[in-house]
Amino acid sequence: MTGATPAPDLSVYLVADAGQCADAGRSVPETVAAAVEGGVSAVQLRAKEAGTEEFIALALAVGRVLPGHVPLIINDRVDVAVEARERGAQVSGVHVGQGDLAVEHVRRFLGAEALVGLSAATEAQLAAARDHPGRVDYVGIGTVRATGSKGDAPPGLGIAGLGRLAAGSPLPAVAIGGIVPDDLPGLRGAGLVGAAVLSWVCQAADPRQAAQELRSAWDQGAA
Ligand SMILES: Cc1ncc(COP(=O)(O)OP(=O)(O)O)c(N)n1
Ligand SMILES: Cc1nc(C(=O)O)sc1CCOP(=O)(O)O
Ligand SMILES: [Mg+2]
């Protein structure tokens with residue numbers, strides 16, 4: 001029997017930022033393991049300051065603490081994703097922004113089965129993502145509100161504005177930027193397939209509890 005690969009669960013999507021984990025005094029694998037216990041369903045590894053070997057080692061270490069059903073997505077660096085896979089890590093895909101390596105090249109390096117995410121913050125970018133020859137699997141739309149976690153983040157759209165953009169997107173859309181648990185029922189109700197979060201988890205005193213709050217808020221949005 002054949003069947004399409006099931007769509008990954010991006011509902012509570014941790015963007016594990018190496019800088020923020022370090023600032024909080026925790027390793028990235030420690031943060032990720034706690035967050036997965038708390039209910040995170042997808043993990044993106046973001047390490048803006050890391051050298052290439054350091055980033056690959058981090059991907060291998062995070063891969064070791066992730067259960068098989070939680071996809072590991074690498075931020076920006078296709079080379080890191082390819083090499084981490086080569087060394088045995090289960091890397092599901094890569095997330096790129098508008099200024100990063102173009103999706104068709106990401107797809108060429110990672111293959112048809114890979115999960116490729118693209119940031120999109122306008123109707124034009126969403127339309128381009130939909131028609132992209134490299135096939136985009138999901139879009140990340142931001143920001144919900146201003147955030148200190150990304151210097152060049154797009155302006156805050158609010159839940160309603162973000163929901164309007166997502167409603168016009170045929171691709172599954174994940175929200176990002178300034179998200180806290182109280183936002184999740186509204187985002188889910190507006191048609192987003194998930195909420196991507198950095199600081200709420202990475203800077204939390206207790207990342208497991210922070211993730212649990214996100215999980216129960218998302219699940220509550222189904223009621
Ligand atoms: C899920 C998700 N959405 C958007 C982004 C932002 O990506 P990008 O615009 O490339 O910015 P950086 O994260 O690379 O600074 C994301 N990472 N994840
Ligand atoms: C990585 C990133 N991308 C954004 C976008 O809008 O594309 S906002 C953002 C940072 C989100 O961090 P926090 O959850 O701490 O606000
Ligand atoms: Mg990027």
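Owing to the predicted nature of the structure, the values given are computational and were not obtained by experimental measurement. Counting convention: from 1, in listed order, for ligands and their atoms alike. Atoms considered below: every heavy atom in the structure, side chains included; atoms not considered: hydrogens, waters and symmetry mates.
Close N/O approach between V15 and ligand 1 is not found [any backbone or side-chain N/O within under 3.5 Å]. Ligand 2 has a nitrogen or oxygen under 3.5 angstrom from a nitrogen or oxygen of G178. Ligand 2 has a nitrogen or oxygen under 3.5 angstrom from a nitrogen or oxygen of L198. Here's the thing with Q98: none of its N/O atoms is less than 3.5 angstrom from an N/O atom of ligand 1. The N/O atoms of S199, backbone and side chain alike, include one that comes under 3.5 Å of an N/O atom in ligand 2. Between S149 and ligand 2, at least one N/O pair is under 3.5 Å apart.
Using a 4.0 angstrom heavy-atom cutoff, I176 counts as in contact with ligand 2. Ligand 2 lies out of reach of G140, whose nearest heavy atom is not under 4.0 Å from it. Residue contacts with ligand 2 include R46, since one of its heavy atoms falls under 4.0 Å from the ligand.
For the residue pair G68 and Q90, the shortest heavy atom distance occurs at O-OE1, 4.5 Å. Pairing each heavy atom of R135 with each of V116, the nearest pair is O-CB, 4.3 Å. Nearest heavy-atom pair, G142 versus L162, reported as atom, atom and distance to 0.1 Å: CA-CD1, 4.2 Å. Taking every heavy atom of both residues into account, L165 and A121 meet most closely at CD1-O, 3.5 Å. Contact record, T31 with C21: OG1-SG, 3.5 Å, taken as the closest heavy-atom pair. Taking every heavy atom of both residues into account, W218 and R188 meet most closely at O-NH1, 2.8 Å.
The pair R26-D206 does not count as a salt bridge, with every side-chain nitrogen at least 4.0 angstrom from each carboxylate oxygen. One finds no salt bridge joining R108 and E104 here, because no Lys/Arg side-chain nitrogen approaches an Asp/Glu carboxylate oxygen to under 4.0 Å.
Close contacts between ligand 1 and D76 involve ligand atoms 10 (O), 14 (O) [criterion: under 4.0 Å to a heavy atom]. Taking a cut-off of under 4.0 Å to the non-hydrogen atoms of G97, the atoms of ligand 1 that pass are 8 (P), 9 (O), 10 (O). Less than 4.0 angstrom separates some heavy atom of V197 from each of these atoms of ligand 2: 14 (O). Under a 4.0 Å criterion applied to the non-hydrogen atoms of G142, ligand 2 contributes the atoms 6 (O). The ligand atoms of ligand 1 that sit less than 4.0 angstrom from a heavy atom of G140 are 3 (N). Set against the non-hydrogen atoms of D100, the atoms of ligand 1 under 4.0 Å away are 10 (O).
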Before you tell me yes or no, could you show the steps for R46 and D76 under salt bridge (Lys or Arg N to Asp or Glu O under 4.0 Å), namely the whole-Å CA-CA distance, both residues' side-chain angles and the distance that decides it to 0.1 Å?
CA-CA 8 Å; R46 185 173 187 262; D76 290 352; over 6 Å; no

Side chain to side chain contact (heavy atoms under 4.5 Å, CB included) assessment of L115 paired with V94
CA-CA 7 Å; L115 182 65; V94 164; over 6 Å; no

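If you run side chain to side chain contact (heavy atoms under 4.5 Å, CB included) between L14 and each of V40, L198, L214, only V40 comes through.
Looking at atom 6 (O) of ligand 2, its nearest protein heavy atom turns out to be T143 CG2, 3.1 Å. Of the protein's heavy atoms, K150 NZ, 2.9 Å lies nearest to atom 11 (O) of ligand 1. Looking at atom 17 (N) of ligand 1, its nearest protein heavy atom turns out to be Q44 OE1, 3.0 Å. In terms of protein heavy-atom proximity, atom 9 (O) of ligand 1 is closest to S119 OG, 3.1 Å.
A donor-acceptor contact under 3.5 angstrom links the side chains of S149 and Q20, judged on distance only.
Residue K48 touches ligand 1 through its side chain alone, judged by heavy-atom distances below 4.0 Å. Counting heavy atoms closer than 4.0 Å to ligand 1, residue N75 contributes side-chain atoms (C-beta onward) but none from N, CA, C or O. When non-hydrogen atoms are compared, ligand 1 lies under 4.0 Å from neither the backbone nor the side chain of D152.
Considering only non-hydrogen atoms, atom 2 (C) of ligand 1 lies nearest to H95 out of R46, R77, H95. In the candidate list H95, Q98, K150, K150 is nearest to atom 3 (N) of ligand 2, counting heavy atoms.
You'll find the side chain of L72 reaches within 4.5 Å of the side chain of V62, heavy atoms only. Using a 4.5 Å heavy-atom threshold, the side chains of I74 and V91 count as touching.
When rounded to 10 degrees, the angle formed at the Mg ion (ligand 3) by OD2 (D100) and OD1 (D76) equals 90°.
Summarising the geometry, atom NZ belonging to K48 is positioned 8.0 Å from atom CZ belonging to F55; distances are rounded to the nearest 0.5 Å.
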